[in-house]
Protein chains: 2
Amino acid sequence: MGVTPSDLAFVPFVSVENMMRLVNATGPERFMAELATYIEEDFRRWPEFDKTPRVASHSREGVIELMPTADSALYGFKYVNGHPKNMREGYQTVTAFGVLSSVANGYPILMSEMTVLTALRTASTSALVGRYLAPKGAQVMAMIGNGAQCEFQALAFRALCGIERLRLYDIDGSATEKAARNLRAQGFEIVECHSAQEAVEGAQVITTCTADKQYATILTDNMVGAGVHINAIGGDCPGKTELHRDILLRSSIFVEYPEQTRIEGEIQQLAEDHPVTELWQVMRGEAEGRRDPREITLFDSVGFAVEDFSALRYVHDRVAGTDFVTPLDMLADPDDPRDLFGMVMRAR
Amino acid sequence: MGVTPSDLAFVPFVSVENMMRLVNATGPERFMAELATYIEEDFRRWPEFDKTPRVASHSREGVIELMPTADSALYGFKYVNGHPKNMREGYQTVTAFGVLSSVANGYPILMSEMTVLTALRTASTSALVGRYLAPKGAQVMAMIGNGAQCEFQALAFRALCGIERLRLYDIDGSATEKAARNLRAQGFEIVECHSAQEAVEGAQVITTCTADKQYATILTDNMVGAGVHINAIGGDCPGKTELHRDILLRSSIFVEYPEQTRIEGEIQQLAEDHPVTELWQVMRGEAEGRRDPREITLFDSVGFAVEDFSALRYVHDRVAGTDFVTPLDMLADPDDPRDLFGMVMRAR
């Protein structure tokens with residue numbers, strides 16, 4: 001690493017404030033486009049990763065999860081919660097932070113807020129997948145669910161797929177107003193819709209991103225025409241889905257990590273051996289993406305640890321040597337590693 | 001919780017420096033004795049915890065682990081690495097940090113360094129177990145392996161079990177010199193020994209705490225006489241043990257969590273159904289501890305997530321409202337939780 005132990009005692013930390021500064025200094029679209037190159041690079045070397053389904057602790061109110069992964073040089077994990085009731089109480093549904101470490105000595109080399117970063121990496125992944133699967137020349141995206149993730153998805157799809165027109169719908173009209181206001185300021189052409197049915201009219205891409213922790217049916221079968229790409233973000237834990245089962249049966253389904261998606265994704269509604277295609281194989285050219293202009297493609301997104309790893313790796317590369325990081329006194333570093341006790345005593 | 005969202009955006013953080021200040025302000029023996037009451041309390045309500053074996057990522061050089069657990073109100077996890085080669089390169093073999101969160105909304109309520117805290121909780125657990133299992137009136141402890149954990153063990157056993165005399169041995173004489181110097185300054189009567197055989201002479205408690213990642217035989221069968229309590233700390237991952245199998249066969253074996261200890265502890269050398277006693281049952285009075293003055297009792301310590309949870313809970317209670325914590329800008333907290341994007345934009 002070329003650093004001395006005393007440097008390693010302090011872990012570079014990216015606070016929420018500094019993450020926002022970094023995103024604004026970069027521009028959110030460039031940030032997500034650059035991040036997508038890291039995610040694509042990591043998907044293309046998928047077999048190199050030490051992968052495991054996330055470690056979830058469920059309670060009546062929500063879930064707290066740890067999402068670790070590693071390659072031969074770096075280890076990363078994210079802490080993330082999901083509490084749908086939080087929003088009603090003025091808290092974030094999802095908050096997150098993460099750590100990137102050196103596999104060689106186990107020392108963290110970056111700690112970062114990941115509430116903002118998760119929103120960026122989720123959208124960046126969706127748009128990257130959209131570039132492989134959306135119909136050619138897609139310009140219109142329906143967005144059902146206009147919460148915290150909505151604007152990030154829109155900007156990522158513009159940066160990576162050329163989407164310029166949005167049709168917004170949320171069961172809560174004030175969420176649609178909020179998203180419309182933010183996205184008009186970003187230069188999008190917006191139609192505010194009063195039903196999901198209205199939102200999907202003329203859209204080549206449909207993004208569903210609702211947050212209720214229950215089996216819901218945001219889209220029914222009759223609403224989805226031939227040739228669309230569905231970017232299904234919201235169904236991401238056991239018991240939480242957004243799409244009617246019949247849509248799944250008409251779609252070619254693409255997933256991040258089947259072992260996790262079969263538990264958490266839309267496909268928890270299907271038989272365990274229902275065929276799905278792994279995205280890393282599509283990105284390596286080892287499996288086909290969209291085969292037909294009339295095909296319905298579905299990205300059953302649940303969010304996988306490798307994407308967080310890519311995000312931490314990107315941020316680590318971006319902030320090195322800048323003032324976007326502050327040193328955090330997180331690692332004990334005695335002169336003599338065997339003399340931890342002496343270090344504590346000498347601190348008196 | 002009685003706190004507003006804007007308070008929750010900042011996570012109270014205990015740095016290494018503040019942990020050392022806290023330990024010194026409290027005194028390490030009182031700290032470990034108080035911590036032991038938290039550990040004992042949590043062991044006594046063991047069935048309430050959501051338990052899982054740690055999630056380990058192994059590499060050629062070492063291991064990085066996440067250790068989560070939760071009760072109905074609090075969730076805790078620890079990040080910890082184990083890299084035996086680190087010491088030769090001037091790094092800590094083990095570094096750690098941890099987080100305590102509210103189950104109700106998933107927000108972290110404490111982040112703490114845990115390199116120092118792990119040393120304290122490991123020793124505190126050992127001495128707590130010693131109070132249940134060591135022979136009555138024990139005064140002499142042999143300590144084989146005089147690395148970073150040694151002094152903490154000695155002080156905890158004095159605070160909780162009345163151990164006043166120590167017989168030290170390490171394959172590296174300079175480690176013994178270091179420990180002897182530190183522990184004489186704490187008022188212990190010390191004998192520096194030149195072999196493990198010499199160290200165990202006349203000891204009622206034998207603590208083994210060596211760090212090599214391999215099957216080692218720190219103690220052979222002939223060295224262990226009737227009636228001793230063995231506190232085996234060092235065998236704590238697959239392929240790493242310290243005791244000859246024959247000692248295990250003569251001992252009554254006590255463990256934290258059999259599912260984990262059978263993979264990581266000394267008992268990985270034994271059949272999968274070899275009888276062991278769970279410590280929480282002993283502490284609840286539902287299983288017998290030491291039954292006979294001539295019995296050899298063995299604590300096959302591997303360290304379990306509940307102990308880290310207890311440690312985080314103790315530190316959280318101790319630092320609330322003090323200057324041992326600093327606020328860490330770790331959680332995004334938009335006025336409107338659905339408007340994360342707007343918060344990022346307004347930060348410009």
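By convention in this document, chain letters (A, B, ...) are assigned in the order of the sequence lines, proteins followed by strands, and residues within each chain are numbered from 1. FYI, side chains are in, hydrogens and waters are out, and symmetry mates aren't considered; it's all heavy atoms of this structure. Since we're looking at a predicted model, the values are computed, not measured.
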### Task
Could you tell me how the ring of B:Tyr91 sits relative to the ring of A:Tyr107: parallel (under 30°), tilted (30 to 60°) or perpendicular (over 60°)?
tilted
If only side-chain N and O atoms count, and only distance matters, is there a donor-acceptor pair under 3.5 Å linking [Y] with [X]?
X        : Y        : value
A:Arg338 : B:Ser174 : yes
A:Arg21  : A:Asn24  : no
B:Asn105 : A:Asn81  : no

Chain A heavy atoms under 4.5 Å from [X]: which part of the residue, side chain, backbone, both or neither?
X        : value
B:Thr95  : side chain
B:Gln186 : side chain
B:Ala332 : both
B:Ala25  : neither
B:Asp335 : neither
B:Asp339 : both
B:Val103 : both
B:Asp329 : both
B:Val99  : side chain
B:Leu120 : neither

Does [Y] offer a backbone N or O that forms a donor-acceptor pair with the side chain of [X] under 3.5 Å?
X       : Y        : result
B:Asp50 : B:Ala70  : no
A:Lys85 : B:Ala104 : yes
A:Tyr75 : B:Val63  : no

### Message
Just to verify, what does A:Phe157 make a ring pair (Phe, Tyr, Trp, His ring centres under 6.0 Å) with, not counting sequence neighbours?
### Response
none
### Query
Quick one: are A:Val319 and A:Leu22 in side-chain contact, heavy atoms under 4.5 Å?
yes
### Task
Report yes if the side chains of A:Phe77 and A:Leu312 come closer than 4.5 Å at any heavy-atom pair, otherwise no.
no
### Task
Taking heavy atoms only and a threshold strictly under 4.5 Å, list by residue number the residues of residues 341-348 of chain A that touch chain B; give 'none' if the list is empty.
A:Phe341, A:Gly342, A:Met343, A:Val344, A:Met345, A:Ala347, A:Arg348
## Note on the structure
Per-residue tally against chain A (heavy atom, under 4.5 Å) across B:Met330, B:Arg181, B:Gln149 peaks at B:Met330
